[in-house]
Amino acid sequence: MIIDLIENLDEYRSLNPKFSNGLVKLNEVEIDYNKRFDFDGGYLFFQEGTTNPIDEGTFEAHKKYIDIQIVLDGSEYVAWTPINQLVVEVEYNAEKDVVRLNGSPKEIMKINKGMAYICLPHDGHKALKHINQATKYKKAVIKIEI
């Protein structure tokens, strides 16, 4: 998992040739929480809501897409553990490109407004969480085809 500031995301374009397409699309569209925005090599969407307790839910990981999760407002905690240290709870669903996993967080990081994180296929991640008190968030999620 890579954590950085939004303004530094272009530095990671070498991870995938379609990475820049996602960032360009993000800057072209108006925020719409009910719409998916496709681009060459992936898609993006927006989310808003309230975080859940860090000990609830499962980790997830993806095989077909790299996740770029960008906090536009508010904050969230994300738990991270390599998938080889987690146990499969729900088998991989190719249509949804997600496997659900259980286990203990290796690390827990707070992601504030203006920050982003990039999840690769080996990154088990549990997003949209809080530790002591729920927080509101608004974010963009960019999915880049591997």
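For reference, positions follow the sequence shown, starting with 1.
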Side-chain ([X]) to main-chain ([Y]) donor-acceptor, under 3.5 angstrom:
| X | Y | answer |
| --- | --- | --- |
| His130 | Glu76 | no |
| His62 | Asp97 | yes |
| Thr81 | Lys106 | yes |
| Asn21 | Asp40 | yes |
| Thr50 | Ala134 | no |

If hydrophobic clusters are built from ILVMFWY residues whose side chains come within less than 4.5 Å, do [X] and [Y] share one?
| X | Y | value |
| --- | --- | --- |
| Trp80 | Met115 | yes |
| Val71 | Ile118 | no |
| Val29 | Leu9 | yes |
| Tyr137 | Ile31 | no |
| Val99 | Phe59 | yes |

Side-chain heavy-atom pair [X], [Y] within 4.5 angstrom cut-off:
| X | Y | value |
| --- | --- | --- |
| Ile142 | Lys25 | no |
| Asp123 | Tyr117 | no |
| Met1 | Cys119 | yes |

Value rounded to 0.5 Å, distance of [atom1] in [X] from [atom2] in [Y]:
| X | Y | atom1 | atom2 | result |
| --- | --- | --- | --- | --- |
| Lys35 | Phe45 | NZ | CZ | 15.5 Å |
| Ile3 | Ile111 | CD1 | CD1 | 4.0 Å |
| Gln47 | Leu72 | CD | CG | 10.5 Å |
| Lys143 | Leu44 | NZ | CG | 11.5 Å |
| Ile144 | Leu120 | CD1 | CG | 11.5 Å |
| Glu11 | Ile2 | CD | CD1 | 11.5 Å |

Just do the side chain to side chain contact (heavy atoms under 4.5 Å, CB included) check on Ile68 and Tyr12 with the steps written out, would you?
CA-CA 11 Å; Ile68 307 169; Tyr12 301 99; over 6 Å; no

Mind listing the closest non-hydrogen atom pair of [X] and [Y] along with its distance?
| X | Y | result |
| --- | --- | --- |
| Phe39 | Lys18 | CE1-O, 4.2 Å |
| Gln69 | Asp67 | NE2-OD2, 3.1 Å |
| Glu145 | Asn16 | O-ND2, 2.8 Å |
| Ala79 | Ile54 | CB-CD1, 4.0 Å |
| Ala116 | Ile70 | CB-CG1, 3.9 Å |
| Ala140 | Leu26 | CB-CD1, 3.8 Å |

Parallel, tilted or perpendicular: ring planes of Phe37 versus Phe46, cut at 30 and 60 degrees:
perpendicular

Please work out whether the ring planes of Tyr65 and Tyr43 are parallel, tilted or perpendicular, with thresholds of 30° and 60°.
perpendicular

Pair Lys129-Thr51, side-chain donor/acceptor within less than 3.5 Å:
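Not at all, the side chains of Lys129 and Thr51 share no donor-acceptor pair under 3.5 Å.
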
Does [atom1] in [X] sit with more than 12 non-hydrogen atoms of other residues, nucleotides or ligands closer than 6.0 Å?
| X | atom1 | answer |
| --- | --- | --- |
| Gln133 | CD | no |
| Asn132 | CG | no |
| Glu56 | CD | yes |
| Glu7 | CD | yes |

Test log, rule side chain to side chain contact (heavy atoms under 4.5 Å, CB included), inputs Thr58 and Asn102:
CA-CA 6 Å; Thr58 56; Asn102 278 323; 3.4 Å; yes

